[in-house]
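Beneath this line is the structure, given in structure tokens, with notes to follow.
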2 protein chains.
Amino acid sequence: MHVATDCIVFGFDAGKLKLLIFKRQLEPFRGSFSLIGSFVGLEEDVDTAARRVLKNITGLENIYLEQLKTFGKADRDPGGRCISIAHYALIRIDDNNKKLVAKYGAFWYDLDVLPPLVLDHSEMVDVALKTLRQKAKHQPLGFELLPRKFTLPQLQILYEAIYQRPLDPRNFRKKVLSLKVLTKLNEKDKSSSKRGAYLYKFNQKKYEKLLKSGFDFQI
Amino acid sequence: MHVATDCIVFGFDAGKLKLLIFKRQLEPFRGSFSLIGSFVGLEEDVDTAARRVLKNITGLENIYLEQLKTFGKADRDPGGRCISIAHYALIRIDDNNKKLVAKYGAFWYDLDVLPPLVLDHSEMVDVALKTLRQKAKHQPLGFELLPRKFTLPQLQILYEAIYQRPLDPRNFRKKVLSLKVLTKLNEKDKSSSKRGAYLYKFNQKKYEKLLKSGFDFQI
DNA sequence: ACAAAAGTGTTACGTGTACACCCATGA
DNA sequence: TCATGGGTGTACACGTAACACTTTTGT
């Protein structure tokens with residue numbers, strides 16, 4: 001039986017959630033859109049295969065990657081029996097990986113204008129989105145999608161994109177800051193306003209300490 | 001590459017959470033304990049394979065079963081490359097399936113006195129337990145482990161076993177009843193007290209209606 | 001009558017939510 | 001000076017958590 005992995009890759013750019021998809025250059029399904037993926041090598045860990053795929057197309061190595069679900073219907077691939085262990089990844093989109101992505105014939109697509117994808121890949125995206133929305137509530141996923149330094153308005157826009165509903169800026173700031181996992185910097189980002197907004201960093205160490213003392217992250 | 005499925009099967013009996021494990025009758029690992037499992041047939045859906053395994057050993061067909069996670073380390077099975085899609089199931093233990101289980105050389109083990117299991121099966125159990133504890137908060141899993149008719153004290157003991165902490169009976173009853181998904185019957189169960197406790201049924205229809213009108217089940 | 005489990009209400013506290021105005025700045 | 005986005009505080013509703021006694025009944 002063939003064993004593959006497919007990656008649902010999320011990014012965030014220009015205030016919108018994006019998905020990385022691929023225009024197939026080869027048969028089968030040449031010209032159709034699909035997720036990025038690969039067969040799992042005979043001596044390769046399944047999650048290593050997923051990381052290999054990601055590195056090839058984005059050049060990135062230390063990215064947030066989690067197993068999503070295994071798609072194992074007997075008839076899911078008309079080309080022959082093949083199960084796929086789907087993974088999802090969160091990526092900071094920047095100019096470097098934008099170029100690399102383009103070079104491989106891949107695209108960052110707005111989630112709400114996604115074209116149909118081959119096989120059961122659209123279903124994979126649906127499951128991944130639900131999971132992302134669920135997990136974002138209780139884990140600091142958001143910071144994986146933003147630049148290392150970000151402003152609170154940026155963070156709010158991201159969570160509004162994830163949850164698909166507007167958030168109140170006062171309540172949002174209050175909640176986020178009460179978690180005590182952000183470090184305020186003495187720099188402002190003036191790219192989107194004259195006044196400028198303070199930049200913050202996510203403090204991983206502090207977050208892990210708090211986790212150990214049993215606290216419940218929640219946004 | 002070989003593709004298998006293993007099932008983490010939870011039950012509830014005598015006030016304790018139980019796990020169904022299996023003493024291997026054949027090589028490899030003869031005499032050791034393992035989860036129940038099987039290879040996935042070439043023309044068989046992965047989840048169908050899991051249901052087949054469960055039916056063989058418990059005789060049950062319509063049981064709560066969910067995919068847990070795929071275990072895909074290259075070296076997880078020294079006998080040759082094999083990935084396993086782990087599933088977990090929740091079962092109402094009764095005298096019928098107790099007999100069947102015994103016939104196949106399987107056992108219901110208390111979770112806190114579990115022997116070591118072969119391969120990465122102990123890790124699978126750990127992951128399943130964490131998932132169960134997490135999911136139980138937001139989905140009505142508990143009712144899958146109790147008889148169709150159950151008392152509120154029974155339900156409380158079950159949730160205490162899942163969460164591993166005592167719950168206040170007044171607050172517990174209040175919360176559970178406020179969900180409006182239980183139907184009170186005009187019968188009492190006197191097996192554990194002289195006074196007897198009212199029996200209740202979980203109302204699946206009502207639950208699904210409430211879900212549609214967007215409510216958040218929570219225990 | 002007593003032992004053993006079932007059943008019941010109230011209060012204090014913290015968390016989430018709704019809501020509107022001033023601030024800083026570059027053009 | 002004005003347009004634009006950044007930043008702030010308060011009041012109320014709600015849910016959660018803590019807590020102790022009465023009821024029923026078989027022995």
Side-chain angles (χ1 to χ4, degrees), chain A residues 14-16 133-134 136-138 146-147 149-201 210 213-219, chain B residues 14-16 136-138 146-147 149-201 210 213-219:
Chain A
K16 295 224 167 193
R133 296 199 165 115
Q134 187 54 42
K137 290 183 196 165
H138 298 282
L146 290 175
K149 299 176 179 183
F150 53 87
T151 68
L152 294 187
Q154 275 170 23
L155 187 65
Q156 182 178 341
I157 290 167
L158 169 59
Y159 274 95
E160 289 178 332
I162 294 176
Y163 296 144
Q164 302 196 285
R165 66 188 174 93
L167 301 172
D168 179 276
R170 284 160 295 191
N171 294 338
F172 181 78
R173 298 171 77 92
K174 206 190 312 170
K175 202 193 255 180
V176 167
L177 293 176
S178 74
L179 298 171
K180 313 246 187 213
V181 292
L182 297 190
T183 308
K184 185 175 184 176
L185 305 177
N186 267 328
E187 292 174 71
K188 285 194 167 187
D189 170 67
K190 298 210 168 188
S191 63
S192 70
S193 81
K194 293 155 185 175
R195 177 176 177 178
Y198 280 105
L199 287 163
Y200 289 78
K201 274 196 320 194
L210 284 170
S213 52
F215 102 124
D216 194 21
F217 181 91
Q218 190 148 7
I219 295 190
Chain B
K16 296 224 167 193
K137 289 182 195 165
H138 299 280
L146 291 174
K149 298 176 181 183
F150 53 86
T151 68
L152 293 187
Q154 276 169 22
L155 187 66
Q156 182 178 339
I157 291 167
L158 169 59
Y159 275 94
E160 288 177 333
I162 293 176
Y163 296 143
Q164 301 196 285
R165 67 188 173 94
L167 302 172
D168 179 274
R170 283 160 296 190
N171 293 338
F172 181 77
R173 297 171 78 92
K174 207 188 311 170
K175 202 194 258 180
V176 167
L177 293 176
S178 74
L179 298 172
K180 314 247 186 212
V181 292
L182 298 189
T183 308
K184 186 175 182 175
L185 305 177
N186 267 329
E187 294 173 70
K188 284 194 168 188
D189 170 66
K190 297 211 170 189
S191 63
S192 70
S193 81
K194 293 155 186 174
R195 178 177 177 177
Y198 280 104
L199 287 163
Y200 288 78
K201 273 195 320 194
L210 285 170
S213 52
F215 101 124
D216 193 22
F217 181 91
Q218 190 148 6
I219 294 191

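None of the values given here were measured: they were computed from a predicted structure. First the proteins, then the strands, lettered A, B, ... as listed; each starts at 1.
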Can you name the atoms? Protein N/O to nucleotides 10-14 of chain C N/O, anything below 3.5 Å, with the distance.
{"unit_1": "C:dT10", "atom_1": "O4", "unit_2": "B:Lys174", "atom_2": "NZ", "d": "3.0"}

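- Rounded to whole angstrom, the span from the CG atom of B:Leu177 across to the P atom of C:dG7 amounts to 10 Å.
- The NZ-C1' distance, from B:Lys190 to D:dT27, rounds to 13 Å in whole Å.
- Nearest-nucleotide mapping onto DNA chain D: of A:Lys184 and B:Lys175, the residue sitting toward the 5' end is A:Lys184.
- Taking atom NZ on A:Lys137 and atom C1' on C:dT15, their separation rounds to 17 Å, with Å as the unit.
- With sequence neighbours excluded, the residues forming a side-chain hydrogen bond (donor to acceptor under 3.5 Å, both in side chains) with A:Arg133 are A:Gln164, listed by chain and number.
- Among residues two or more places apart in sequence or in another chain, the side-chain contact (heavy atoms from CB on, under 4.5 Å) test is passed with B:Asn186 by none.
- Computed from coordinates, the B:Leu167 CG to D:dA18 P distance equals 11 Å when rounded to whole Å.
- Rounded to whole Å, the distance from CG on B:Asp216 to P on D:dC14 is 17 Å.
- Sorted by first and then second residue, the ring-ring contact (aromatic ring centres under 6.0 Å, His included) pairs involving residues 175-194 of chain A (not counting sequence neighbours) form an empty list.
- Checked against side-chain hydrogen bond (donor to acceptor under 3.5 Å, both in side chains), B:Ser213 has no partners two or more places apart in sequence or in another chain.
- Protein atom CD1 of B:Ile219 is 16 Å distant from nucleotide atom P of D:dG15, rounded to whole Å.
- Side-chain N/O atoms of B:Arg170 and base N/O atoms of D:dA17 include no donor-acceptor pair closer than 3.5 Å.
- The side-chain contact (heavy atoms from CB on, under 4.5 Å) test applied to B:Phe215 returns B:Leu179, B:Tyr207, B:Leu210, B:Leu211, B:Phe217, not counting sequence neighbours.
- Nucleotide D:dT10 holds its P atom 15 Å from the CG atom of A:Asp168, rounded to whole Å.
- B:Gln154 pairs by the side-chain hydrogen bond (donor to acceptor under 3.5 Å, both in side chains) definition with nothing, not counting sequence neighbours.
- A:Lys149 pairs by the side-chain hydrogen bond (donor to acceptor under 3.5 Å, both in side chains) definition with A:Glu187, not counting sequence neighbours.
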Acceptor/donor pairs from residues 167-177 of chain B side chains to any protein atom, 3.5 angstrom cut, sequence neighbours excluded:
{"unit_1": "B:Asp168", "atom_1": "OD1", "unit_2": "B:Arg170", "atom_2": "N", "d": "2.9"}
{"unit_1": "B:Asp168", "atom_1": "OD1", "unit_2": "B:Asn171", "atom_2": "N", "d": "2.9"}
{"unit_1": "B:Asp168", "atom_1": "OD2", "unit_2": "B:Arg170", "atom_2": "NH2", "d": "3.4"}

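- Judged as a side-chain contact (heavy atoms from CB on, under 4.5 Å), and not counting sequence neighbours, the contacts of A:Lys184 are A:Tyr198, A:Tyr200.
- Taking CD1 of B:Ile157 as the reference point, atom NZ of B:Lys16 lies at 12.0 Å (rounded to 0.5 Å).
- Rotation axes derived from the C1' atoms of the five outermost pairs at either end of the helix from C:dA1-D:dT27 to C:dA27-D:dT1 lie 10° apart, to the nearest 10°.
- Remark: A:Leu152 CG to A:Leu199 CG distance equals 9.5 Å, nearest 0.5 Å.
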### Task
Do nucleotides 1-6 of chain C as a string where each nucleotide becomes B, S or -: B if the base has a protein heavy atom under 4.0 Å, S if just the sugar-phosphate does, - if no protein is that close.
----SB
